[in-house]
Amino acid sequence: MITAERKPIQEIINFVSPYKNLLLVGCNECVTVCSAGGRKEVALLSSALQVASMKAGRIIHIQEMTLERQCDPEYVEQLVPYIDQADAVLSLACGCGVQEIARRFKDKMVFPGVNTKFMGASERPGVWAERCQGCGDCLLGVTGGICPIARCSKRLQNGPCGGSSKGKCEISPDVDCVWQLIWDRLKALGLEERYEAILPAKDWRSGRGGGPRKIVREDLM
Amino acid sequence: MKDFEPVIVAFCCHYCAYTAADMAGSLRLSYPPNVKIIRVPCSGKVDVIHLMQAIERGADGVYVAGCLEGDCHFKSGNAKAARRVAYVKRLLKDIGIEPERIEMIMMSAGMGERFAAVAEAFTDKIRRLGPNPVKLMGASKTRDPHNVSPANKESAAL
C-alpha cells in the first residue's frame, strides 16, 4: 500500500485558516489501511480543526466525505454536489488523490493533509515499513522475494557492503541488512548459487530515471 | 467564572469503573453530579474520535476509567485506551487546548472509594482549569444529526 502520515496539525491549520467552508476528503484505500486518511481520520481531523478554530474565536463549516478511491476520476466526480459550498478542499489521500482533485476542480484550492511516505507493508499494528520503490524492473525473482532496491540503504544489487554488521545496516541498529536477509532466505531455500550470480548494472530508465512514467493498456481503453 | 460547574464525561469500563461507581453508591459515597458516566464494554472500546468529539461538543473534561494494569477482561483494552488518551492529549496540546482535560484512570471493580475520590479530584481540577474554550463559541453543531450536510451523513453514521 501507499503509506502516509498526517501533517503536523499546525501546518494544516495554516493552510486552511483563511477559509470558512472546507471540504475535507478522505480515501477508503491505502490511507485508510495505514490510518492516515480514512473516514475515522477525516472525522478526527475535522473535530480537531473545529475545536482549534473555535478556540481562535471563529467557526468553520466542514463537510466530510470519504471517497472509495481518490485517485480515480469516477469517484472524485462524487464531490460535484458538495464542491460549490466549499472555499477550499483539504485532502487526506496520498499525493495521487490530491492531484486528482486539483485536476478535476480547477477553480478550487486543494491542500494535502498528509505527507505521502512510501510503498510499504504493515509489520505489526502501528508499524509500516518500506518494501518497494517502484523501480519498474522487479528483481524479487532473483533475490528470494526480498527487495535490495527498497530495503538496502545504498540500493546495492550485489551486497552486502562493508557496513553490514551482525545482520544490521550501518545506518542504524534498527535497520536490517537486506543482503543478510536475502542470503538467509536463499540459504533456507537451498538456492545459495543464486547469490553467487553477479547482477549487472541496473537500467534506471524504467524507474524515475526516465522521467514521469505512464502505463498505457490499449486493450482497456 | 466563580459559578462555573464543569461537565465531565467519564467513559467507564463495565468490568471495573462502572461497577466501582455502583459500589460507591452502595457505600453511600457521594461524588460530584458533574460526572456523566458512559458505560462501555471495555475501556479499549473508547476511540480517539469519542474523546475528541466530547471536547468538540463542549465537555470540559473527559476521562476514561479502565481496569488496573494487567487486569483487563479483554487482555489489553486498558493499555490500548491509555495509548489513545495519550494520543488525544498530544493532539489537544497541538491545537492549544489543555491536555489535562483528558485523563486515563485505572481502578478495580471493588474500588468504590477510589471512584468517588477520582470523580471529586478530576472535577476539582477541571473547575480550576476553567471552561472548555469551545463552549464560548456555543460548541460545535457540525455533527448534530439534525443539522448535517449530505456529505457529512456518512461520517455522522459512525
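Labels below follow one simple rule: chain letters A, B, ... track the order of the sequence lines, proteins then strands, and each chain is numbered from 1.
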Classify the side-chain pair A:Ser47/B:Glu56 by whether it contains a donor and acceptor separated by less than 3.5 Å.
-> yes
Which atoms form the tightest heavy-atom contact between A:Ala48 and B:Leu91, and what is the distance?
-> CB-CD2, 4.2 Å
Closest non-hydrogen atom pair, A:Ala43 against B:Ile49 = C-CD1, 3.4 Å
About how many Å separate CD of B:Gln53 and CD of A:Gln50, when rounded to the nearest 0.5 Å?
-> 11.0 Å
Say you draw a straight line from CG of A:Leu45 to CE of B:Met52; how long is it, rounded to the nearest 0.5 Å?
-> 9.5 Å
[X] atom [atom1]: more than 12 heavy-atom contacts under 6.0 Å:
| X | atom1 | value |
| --- | --- | --- |
| A:Arg131 | CZ | yes |
| A:Gln180 | CD | yes |
| B:Lys45 | NZ | no |
| B:Tyr18 | OH | no |
| A:Arg124 | CZ | no |
| A:Glu74 | CD | yes |

Side-chain donor/acceptor of A:Lys55 to backbone N/O of B:Ile97, under 3.5 Å | no
Do the non-hydrogen side-chain atoms of A:Lys40 and B:Asp47 ever get within less than 4.5 Å of each other?
-> yes
